Amino acid sequence: MKSATVFLSVIAFIVLILGCVPKENNTLEESSSVIEFKEKHRPQFHFTPEANWMNDPNGMFYYQGKYHLFYQYYPDSTVWGPMHWGHAESSDLVHWQHLPVALYPDTIGCIFSGGAIVDNHNTSGLGSAKSPPIIATFTHHDFKGEKAKTNDFQKQSLAYSLDGGYKWEKYEENPVISNVDKIKDFRDPKVVWHEDSKCWILALAAYDKVKFYSSPNLIDWTFISDFGIEEDHRLWECPDLFPIQVEGTDEKKWVLLVSIQKDAPNGGTATSYFIGDFDGKNFISNVNSQKWLDWGTDNYAFVTWNNLPANNNQVKGIGWMSNWQYAQTVPTEKWRSAMTLPRDLILSETSSGYILKSQPVKELQNLRTDSVIINQLEISNERLLKEFQKVTQAEMVVNVDLRKTDSDSFGIKLSNDLGENLVIEFDKTTNQMSVDRTNSNVAKFSEEFYGKVHRAPVDLSTETLELQIFIDVASVEIFVNEGELCFTGIFFPTKDFESISLFSKNGKCNISESKFYSLNSIWNTEHKTI
Ligand code: FRU
């Protein structure tokens, strides 16, 4: 377990010991209400739980027109505790319906992260071919065992749904993978179908590596191989193995996403990936080719949706928009944490190897309302964008002509009249992008949050720089050059930011095209709670 949560684990253990056994209530009673979601710092077009603590996205699958999203959830507090799986669904990945808690802690343990798949051919025998079962794979975490230092307190289990993902039963013979080697960190099982060997493959984080298991039926699992970096003992979590086609070709590769618990490029926790091949037994990839899916501080446990319509080689995923360094202390009151924007993953082959690009899903464009379009802008010093007022719910698409830009650096600044700001800067002298939130709140709640400026490498010697930037009250997501570089960060100004300005230092910056859109909220519509 992460060290920051040891204390919470103890509290959670006491809660369980005191007999605070969770009350299951996932009956589907429908009621309608208008959700306001107007609290301070509440994102307006990102998924958040109505109340209380949320971390990793879990068990995502698409079925009968709905994208299902489950998540690590503690319904009794705004800090981490005995984990449940919260649940929401969407028809467009943008507007979400909150649903009852799907999985509750039980006598084996509480419910840590994992995946879910649609067992279309009923290989598990838990449903029927006509009405395929949905199978969730998750880690049972036993606090008593953790306290007693048994080291085998994490085991892999199943739950299944016979109604398309709404009501869940735990599999009677859980766990299906026990922890015979007593590996303390042994969790987050996610399953994928391997067509060539006609087997299910399960990827599991086991301390500093990923272990792979295979099964014909999702119930009987055989260990087949593991993948890790020798001499590298960072804690790995939330693996996700999936095939993907290389953009513009027929070539198929396999991606292994792995979240890393420390020393991410800008501190703390982040999601990384390897590109390789998978032959049904081994994942083969150059271990030195690990790359970051996102260079920001706030995209962890990113995983993908299962069972998407197969027609256009799509891979879609979502991450938890926070970082274990400070997730439990961020200044929101009713709820804690949001998900990132849902993203399409695209594999490209470049002169420097394969890269996994992230792009915001196209459906987000339906949120665009008012727009301000300015072409051929030349910036020297600073230009306040008076034309654009709705700074806190915005999307900006900005193309910089680097051939006509002779400044040392240029960028975008959000500010309020308390002197708080967030500065996104591109430095031609160092070929770096930086995001500076150190001055985004006068009352700094954590040194780890405000301590330093975050940086990412970007080639600014090319002809153009294409930026797509989303601001949602308390977060920024930056997609550079169609998602070749992606950066997610959160911030909490005392008062919402009120203005945007463009700046250029020591010379001019030429913007050939820029569009600034206000985005609608996804919440202030009629909201059905089932
Ligand atoms: C990642 C993680 C997982 C674990 C879950 C517990 O953020 O630590 O490894 O299953 O959170 O909530």
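Counting starts at 1 for both ligands and their atoms, in listed order. The first residue of the sequence shown is numbered 1, and numbering continues consecutively from there. Quantities reported herein were computed from a predicted structural model and do not represent experimental measurements.
- Between W80 and ligand 1, an N or O atom pair is found at a separation short of 3.5 Å.
- Interface atoms of ligand 1 facing Q72, defined by a heavy-atom separation under 4.0 Å, are 5 (C), 6 (C), 12 (O).
- The S113 neighbourhood of ligand 1 comprises atoms 5 (C), 10 (O), with distances under 4.0 Å to a heavy atom of that residue.
- By the 4.5 Å heavy-atom criterion applied to side chains, H84 and I111 are not counted as neighbours.
- Residues satisfying the salt bridge (Lys or Arg N to Asp or Glu O under 4.0 Å) criterion with K262, sequence neighbours excluded, are absent altogether.
- Side-chain contact between F70 and L103 is absent, with no heavy-atom pair separated by less than 4.5 Å.
- Here Y62 and Y67 bring their ring centres to under 6.0 angstrom of each other.
- At a heavy-atom cutoff of 4.0 Å, ligand 1 is contacted by the side chain of N55 but not by its backbone.
- Taking every non-hydrogen atom of D56 and a distance limit under 4.0 Å, the qualifying atoms of ligand 1 come out as 1 (C), 2 (C), 3 (C), 5 (C), 7 (O), 11 (O).
- Heavy atoms from other residues, nucleotides or ligands lying under 6.0 Å from NZ of K444 number more than 12.
- Contact check for Y74 versus P82: side-chain heavy atoms found under the 4.5 Å cut-off.
- Proximity to D188 (heavy-atom distance under 4.0 Å) selects the following atoms of ligand 1: 3 (C), 4 (C), 9 (O), 10 (O).
- Applying the salt bridge (Lys or Arg N to Asp or Glu O under 4.0 Å) rule to R343 yields the partners D294, E477; only residues at least two apart in sequence or on another chain are considered.
- In W320, neither the side chain nor the backbone holds a heavy atom less than 4.0 Å from any atom of ligand 1.
- Those atoms of ligand 1 that come under 4.0 Å of a heavy atom in Y300, given as number and element, are 1 (C), 7 (O).
- Of the candidates H141, E237, Q154, M54, it is E237 that places a heavy atom closest to atom 8 (O) of ligand 1.
- Of all atoms in ligand 1, numbered sequentially from 1 with element shown, those under 4.0 Å from a heavy atom of M83 are 12 (O).
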